[in-house]
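Worksheet: one structure, shown below.
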Amino acid sequence: MPTAAVLSPHLDDAAFSCGGLMARLADADWQVVHATLFAATVPDPSGFALRCQLDKGIGADVDYMALRRDEDRVFAEQVGASNVVHGPFPEAPHRGYSSPDALFGPIRDDDSVVNPLCGYLRALLREHKPDLLALPQAIGGHVDHVQLVNAVGRVESLDTCPPLVWYRDAPYVIEHLGAHSPFPRVRKRSPLAVDVEPVLRQKLNGAAAYESQLGRQFTRRFSDRDWASAESQPASSRGGATPKEDRDAEHAIMRRALTYLAHEEARRIQGDAGGASSQGSLSNREGAPSAVERFRGNADAAGRLDALLLRTHR
């Protein structure tokens with residue numbers, strides 16, 4: 001049975017970006033290791049880090065990251081991930097990034113997280129021996145996404161590092177469907193799309209587990225989009241609201257946003273083999289080794305992944 005390790009910078013990134021890929025792999029009898037790197041609790045948060053918690057309606061006395069780790073476990077169960085790994089690294093607001101603009105700006109000179117992150121990834125690869133490694137393209141430029149890609153760049157030459165899948169980062173890519181990775185070596189890869197339609201409902205149900213994030217990640221970004229219909233707006237904006245009505249609105253907008261992403265990207269890539277990728281893209285340069293060679297002779301792993309691709313790529 002082949003193994004896929006899916007690397008998520010934060011406790012929701014992989015779910016929103018490639019939860020469909022994860023569910024399809026699990027359904028195809030892959031073992032799926034769901035590993036979130038920046039998942040550590042930081043006691044007594046303050047400043048911008050605390051504001052990131054309070055603006056989601058979560059009190060200062062709550063262990064915010066423990067709550068999110070619990071949400072993450074619910075998602076993993078929904079999509080069939082066999083292993084859940086929560087890394088020991090603090091998110092960017094606890095490493096000196098003190099504003100929303102800083103989160104999407106240049107890497108700080110004193111942000112030394114890459115070296116320990118490399119060591120952690122080496123240990124993860126040795127333990128789980130994956131046949132496939134999925135990680136974000138860092139679309140949107142969030143510093144935690146960028147630092148994860150930087151760390152993988154230092155370990156991908158190891159014998160223990162398998163072929164890479166670079167997934168497109170949601171919700172950032174929903175805002176700009178044509179957006180590209182800030183890393184040239186990722187932009188050069190030819191995209192392949194995984195057909196997530198058979199598991200789309202499963203992905204959406206899993207994404208709904210991240211109750212603490214839906215308002216910030218979807219409602220505030222997309223409530224004015226054409227596909228977010230009037231009945232999906234926050235109840236407070238329609239006059240008279242209950243917490244349940246607002247939660248229902250948040251769920252509705254998330255489901256519409258991720259459904260729109262799946263359908264739009266599948267449509268684009270089927271219409272243009274050189275277009276944007278869908279829920280997952282197995283990197284392949286023109287003239288590169290065959291799928292079986294990329295899987296180091298593991299024809300079973302190559303065949304199982306090939307079966308999940310949209311027909312235009314078979």
Side-chain angles (χ1 to χ4, degrees), residues 1-19 21-26 28-42 65-66 68-77 79-92 94-95 111-138 142-167 169 181 183 185-186 206 280-283 294-296 298 300-301 304-305:
M1 177 182 293
T3 296
V6 180
L7 304 182
S8 185
H10 304 121
L11 294 155
D12 62 18
D13 288 316
F16 298 156
S17 304
C18 65
L21 170 65
M22 296 167 70
R24 291 231 59 193
L25 289 171
D29 294 325
W30 286 64
Q31 288 192 3
V32 178
V33 179
H34 175 40
T36 303
L37 285 307
F38 298 98
T41 289
V42 177
M65 297 304 291
R68 294 181 64 191
R69 291 191 296 268
D70 287 342
E71 294 174 338
D72 198 53
R73 294 184 186 98
V74 175
F75 159 76
E77 184 176 0
V79 298
S82 51
N83 290 279
V84 178
V85 178
H86 291 144
F89 304 101
E91 293 186 313
H94 300 286
R95 304 197 315 275
D111 185 3
S112 58
V113 74
V114 168
N115 285 338
L117 190 53
C118 287
Y120 189 82
L121 291 174
R122 292 186 190 101
L124 186 145
L125 293 174
R126 286 195 300 269
E127 178 180 357
H128 295 284
K129 299 178 176 60
D131 300 284
L132 188 70
L133 187 66
L135 69 153
Q137 296 185 20
H142 191 292
V143 292
D144 286 339
H145 295 227
V146 170
Q147 291 290 57
L148 175 54
V149 175
N150 285 335
V152 171
R154 296 189 187 181
V155 303
E156 66 176 308
S157 62
L158 300 176
D159 289 342
T160 52
C161 189
L164 303 181
V165 166
W166 302 88
Y167 61 76
D169 311 60
S181 171
F183 291 89
R185 66 193 182 94
V186 178
S281 58
L282 181 61
S283 299
R294 290 200 304 275
F295 279 87
R296 298 175 183 160
N298 189 338
D300 180 53
R304 286 171 187 257
L305 185 63

Could you tell me whether a side-chain N or O of Ser8 sits under 3.5 Å from a main-chain N or O of Ala35, the two making a donor and an acceptor?
no
Are Arg69 and Val84 packed together at the side-chain level, in the sense that at least one heavy-atom pair is separated by less than 4.5 angstrom?
no
Does some side-chain heavy atom of Tyr167 sit less than 4.5 Å from a side-chain heavy atom of Met22?
no
pair Val146-Pro9: side-chain heavy atoms closer than 4.5 Å
no
Any residue meeting side-chain contact (heavy atoms from CB on, under 4.5 Å) with Ala39, in chain and number order, not counting sequence neighbours
Leu11, Thr36, His86
So CZ of Arg95 and CG of Asp111: to nearest 0.5 Å the spacing works out to 4.0 Å
For Glu156 against Gly153, the heavy-atom pair lying closest together:
OE2-CA, 3.7 Å
Compare every heavy atom of Pro88 with every heavy atom of Ala40, then report the nearest pair and how far apart it is.
CB-O, 3.4 Å
If you round to the nearest 0.5 Å, how far is NE2 of His128 from CG of Asn83?
5.5 Å
Is there side-chain contact between Glu91 and Val42, with at least one heavy-atom pair below 4.5 Å?
no
What closest approach, in Å, do Trp30 and Asp131 show between heavy atoms, and which atom pair accounts for it?
CZ3-CB, 4.3 Å
Minimum heavy-atom distance between Phe75 and Gly19, given as atom pair plus value:
CZ-CA, 4.1 Å
Paired with Leu7, the side-chain contact (heavy atoms from CB on, under 4.5 Å) test is passed by just one of Val85, Leu164, Leu133, namely Leu133
Could you check whether any side-chain N or O of Asp72 sits under 3.5 Å from a backbone N or O of Asp12, counting only pairs where one atom can act as donor and the other as acceptor?
no
Would you check if Leu117 and Asn150 make a side-chain contact, meaning some heavy-atom pair closer than 4.5 Å?
no
Gap between atom CE of Met65 and atom OG1 of Thr41 - 0.5 Å precision
6.5 Å
Supply the atom-to-atom distance Asp144 CG to Asp13 CG, rounded to the nearest 0.5 angstrom.
8.5 Å
Which distance, rounded to the nearest 0.5 Å, do you find between the CG of Leu135 and the OG of Ser17?
11.0 Å
Please give me the minimum heavy-atom distance between Asp29 and Met1, naming the atom from each residue.
O-CG, 2.8 Å
Taken in chain and number order and not counting sequence neighbours, the residues that satisfy ring pair (Phe, Tyr, Trp, His ring centres under 6.0 Å) with Tyr120 are Phe89
Could you check whether any side-chain N or O of Gln147 sits under 3.5 Å from a backbone N or O of Val114, counting only pairs where one atom can act as donor and the other as acceptor?
no
Kindly indicate whether the side chain of Asp169, heavy atoms from C-beta on, has any atom under 4.5 Å from the side chain of Gln137.
yes
Within the structure provided, determine whether His94 and Phe38 are in side-chain contact (heavy-atom separation under 4.5 Å).
no
Validation row: Val6, Cys18 side chains within 4.5 angstrom (heavy atoms)
yes
